[in-house]
Amino acid sequence: MNDAVVGAMTVVARILILRALPYGADSRAVRWGQIYSAHPTSWGCWGSKDPAHQASNILKNRPSTGYWGFVFGYCKFIFAAFFFAYHRLSAGDTVVCVDLETAVPGMLAARLRGARVHFDVADPFDLAKPVPLKRFFRWLEWWVAKHADVVTVPHSSRLDLYGRPLTNAQIVENVPLLPFMQQLRTFLKDANGQAAMTFGYFGTLETHRGLEDIVKLAMENEAVCFKVGGRGALESFIRKASASCPRIEFVGEYLPADLPGLTRGVDVYCSLYYLSKPLHRYAAPNKFFEHLALGLPVLMSANTPYAKDVVEGETGWVIEDGYESLQAWFASTRLYKSAFESASENAQKKWQSSYQNWLTQQKEKLLAFNT
């Protein structure tokens, strides 16, 4: 951030965080609440069902299914978000907008009220949403980011999208707040002590993440187990697979604090993001950092940004997309317990050396910006 912007920013009176999702549905938005915890913080969300957070809803109901439901729903939300922010911001406040659909109305409201704008480009709008005129929306996202007071992205690869400079951008990675515990793990054994490899996936249950391929691998190989947690469009598929195969365990929804317990007995932490979804070329998943904190080897898609970090840090393996690659990797590593032990040790060392004090560092960074 340039000196003129830093000099113009004073101590923040209040923080308003806007996200076009239910409260808690996006860990990155929640993380901003933790980073800004020294300031009075309020929320503006969309469709929270939890009674404790319904008062934070900009709109109560999520958009209807289908393209036109999306179009009309988002237009209505953007209009409502402007008035929501306008009536809650004052001079000296900061609005944190965690997507383009809150950044447009949030910036307009902030400028009218004399507040500052922190635009966090969590996901590129034109890649994450089924919209036409994708070049226009990408330009609009860049323009809003350029004119915001603070801009953050989860990985430097996101900046390559725009083809234009964003000199005010900062990298704030998707580091989860997990309790680090040194763990001694026994790899490649199931609960009964038999030779087996247990895959673990904890996150959004959706296509293009290799879940169908891991389920297939578990169903076809008695030496493969799969432990899954989360919610999403593939939940019904996972439940049916779990009911038909005793080696597939579905634990349902979970909290990040549950991960150390849930991953006991897991051998490899899955972070597969297939390029059949274009957004995944710029994926910045929590799972990369979770595998470090948990001390678990990771299985990462080769064409995602953190694949290089996995290879350089020797904290797991990277593979190409698809069932054949997964099957070949399993066949080549299933007997090499020492490789899992080494990757686990490297992961724990990386977390301790680089990320253990991450939250404190981010708070200090924002304090330096006087936000």
Please check: side-chain N/O of H155 versus main-chain N/O of S157, any donor-acceptor pairing under 3.5 Å?
yes
Taking the side chain as everything from C-beta on, heavy atoms only, tell me whether Y269 gets closer than 4.5 Å to L294.
yes
Testing the 3.5 Å rule here: is there a donor-acceptor pair between the side chains of T198 and D190?
no
State, to 0.1 Å, how close T304 and A283 come at their nearest heavy-atom pair, and which atoms those are.
CG2-CB, 4.4 Å
How close do G106 and V95 get, counting heavy atoms only, and between which atoms?
O-CG1, 3.9 Å
Measure the CD-OG distance between E173 and S156 for me, rounded to the nearest 0.5 Å.
8.5 Å
Applying side chain to side chain donor-acceptor pair (under 3.5 Å), run through R31 and N174 and close with a yes or a no.
CA-CA 8 Å; R31 196 171 296 119; N174 283 327; 3.3 Å; yes
Backbone N or O of R19 within a donor-acceptor pair of the D26 side chain at under 3.5 Å?
no
Indicate yes or no: at least one non-hydrogen side-chain atom of P285 is less than 4.5 angstrom from one of Y273.
yes
Could you tell me the separation between the CG atom of L18 and the CD1 atom of I58, rounded to the nearest 0.5 Å?
5.0 Å
Is there a side-chain contact between V268 and L296 in this structure, where contact means two heavy atoms from C-beta onward sitting under 4.5 Å apart?
no
Would you confirm whether the ring centroid of Y74 sits within less than 6.0 angstrom of the ring centroid of W46?
yes
Start with the C-alpha distance between V172 and V153, add both sets of side-chain angles, then the distance that settles side chain to side chain contact (heavy atoms under 4.5 Å, CB included), and finish with yes or no.
CA-CA 6 Å; V172 178; V153 295; over 6 Å; no
Under 3.5 Å, is there a donor-acceptor pair linking the side chains of T102 and D99?
yes
Trace of the side chain to side chain contact (heavy atoms under 4.5 Å, CB included) decision for S42 with S56
CA-CA 8 Å; S42 59; S56 69; over 6 Å; no
Run the side chain to side chain contact (heavy atoms under 4.5 Å, CB included) test on V96 and V117 for me, step by step, so that the C-alpha distance in whole Å, both residues' side-chain angles and the decisive distance to 0.1 Å come before the verdict.
CA-CA 6 Å; V96 183; V117 179; over 6 Å; no
Side-chain contact, heavy-atom cut-off 4.5 Å: W142 with L161?
no
Taking the six-membered ring for Trp and the full ring for Phe, Tyr or His, determine whether the centres of F84 and H87 are under 6.0 Å apart.
no
State, yes or no, whether a side-chain contact exists between R164 and W143 at a heavy-atom distance under 4.5 Å.
no
Please confirm whether the backbone N or O of V151 pairs with a side-chain atom of Q170, one donor and one acceptor, at under 3.5 Å?
no
Can you list the steps and then say if K146 with N168 is a side chain to side chain contact (heavy atoms under 4.5 Å, CB included)?
CA-CA 7 Å; K146 180 182 178 182; N168 57 341; 5.5 Å; no
Classify the side-chain pair Q54/Y23 by whether it contains a donor and acceptor separated by less than 3.5 Å.
no
If you compare all heavy atoms of V266 against all heavy atoms of R185, which two are closest, and at what distance to 0.1 Å?
O-NH1, 4.2 Å
Hydrophobic cluster identity match, Y201 and Y274, side-chain contacts under 4.5 Å:
yes
For the residue pair F83 and F79, categorise the inter-ring angle as parallel (less than 30°), tilted (30 to 60°) or perpendicular (more than 60°).
perpendicular
Let me know which of K134, R138, R135 forms a salt bridge (charged side-chain N to carboxylate O under 4.0 Å, His left out) with D126.
R138
Answer yes if L272 and L259 sit in the same cluster of Ile, Leu, Val, Met, Phe, Trp and Tyr residues linked by side chain heavy atoms under 4.5 Å apart, and no otherwise.
yes
In terms of heavy-atom contacts, V98 and A122 come closest through O-CB, 3.5 Å
With side chain to side chain donor-acceptor pair (under 3.5 Å) as the criterion, how do N346 and T315 come out once you've worked through the C-alpha distance, each side chain's angles and the decisive distance to 0.1 Å?
CA-CA 6 Å; N346 292 338; T315 62; over 6 Å; no
Acceptor/donor pairs from residues 235-252 side chains to any protein atom, 3.5 angstrom cut, sequence neighbours excluded:
from, atom 1, to, atom 2, distance (Å)
E235, OE2, R239, NE, 3.1
E235, OE2, R239, NH2, 2.9
S242, OG, I248, O, 2.9
S244, OG, K240, O, 3.2
S244, OG, A241, O, 3.2
R247, NE, A218, O, 3.4
R247, NE, N221, O, 3.3
R247, NE, V224, O, 3.2
R247, NH2, A218, O, 2.7

Centres of the W32 and H118 rings: under 6.0 Å?
yes
Any chance the side chains of K363 and S37 put a donor and an acceptor closer than 3.5 Å?
yes
D120 side-chain N/O to C97 backbone N/O, donor-acceptor pair under 3.5 Å
no
Quick one: do N303 and R281 satisfy side chain to side chain donor-acceptor pair (under 3.5 Å)? Show the steps, please.
CA-CA 6 Å; N303 294 309; R281 188 174 297 278; 5.5 Å; no
Nearest-0.5 Å distance that lies between atom NE2 in H291 and atom OG1 in T263
12.5 Å
How long is the gap from NE2 on H280 to CG on D321, to the nearest 0.5 Å?
10.0 Å
Following the transitive rule for hydrophobic clusters with a side-chain heavy-atom cut-off under 4.5 Å over Ile, Leu, Val, Met, Phe, Trp and Tyr, establish whether F82 and W43 coincide in one cluster.
no
Any side-chain heavy atom of K129 sitting closer than 4.5 Å to one from F70?
yes
If you count heavy atoms of other groups shown closer than 6.0 angstrom to CD of E341, is the number above 12?
yes
Lys/Arg-Asp/Glu bridge criterion (N-O < 4.0 Å) met for D93, R113:
no
Heavy-atom closest pair, residues V310 and G316
CG1-C, 3.7 Å
A quick test of your reading: do over 12 heavy atoms of other residues, nucleotides or ligands sit less than 6.0 Å from CD of E206?
yes
Would you say the side chain of R209 lies within less than 4.5 Å of the side chain of K287, judging by non-hydrogen atoms?
yes
Set of salt bridge (Lys or Arg N to Asp or Glu O under 4.0 Å) partners for E222, sequence neighbours left out:
none
Do V104 and W139 belong to the same hydrophobic cluster, where Ile, Leu, Val, Met, Phe, Trp and Tyr are linked whenever their side-chain heavy atoms lie under 4.5 Å apart, directly or via other members?
yes
In terms of the angle between their ring planes, are F340 and F187 parallel, tilted or perpendicular, with boundaries placed at 30° and 60°?
tilted
Hey, does P297 have a side-chain heavy atom less than 4.5 Å from the side chain of S344?
yes
If you compare all heavy atoms of A223 against all heavy atoms of R334, which two are closest, and at what distance to 0.1 Å?
CB-NH2, 3.4 Å
When you group the ILVMFWY residues by side-chain heavy-atom contacts below 4.5 Å and let the links chain together, are L292 and L359 in the same group?
yes
Taking only Lys NZ, Arg NE, NH1 and NH2, and the carboxylate oxygens of Asp or Glu, determine whether E212 and K216 approach each other closer than 4.0 Å.
no
Who are the ring pair (Phe, Tyr, Trp, His ring centres under 6.0 Å) partners of F289, not counting sequence neighbours?
Y306, Y355
Which value, rounded to the nearest 0.5 Å, describes the distance between F202 atom CZ and L262 atom CG?
5.0 Å
Strictly below 4.0 Å, N to O, side chains only: are D149 and R111 in salt-bridge contact?
yes
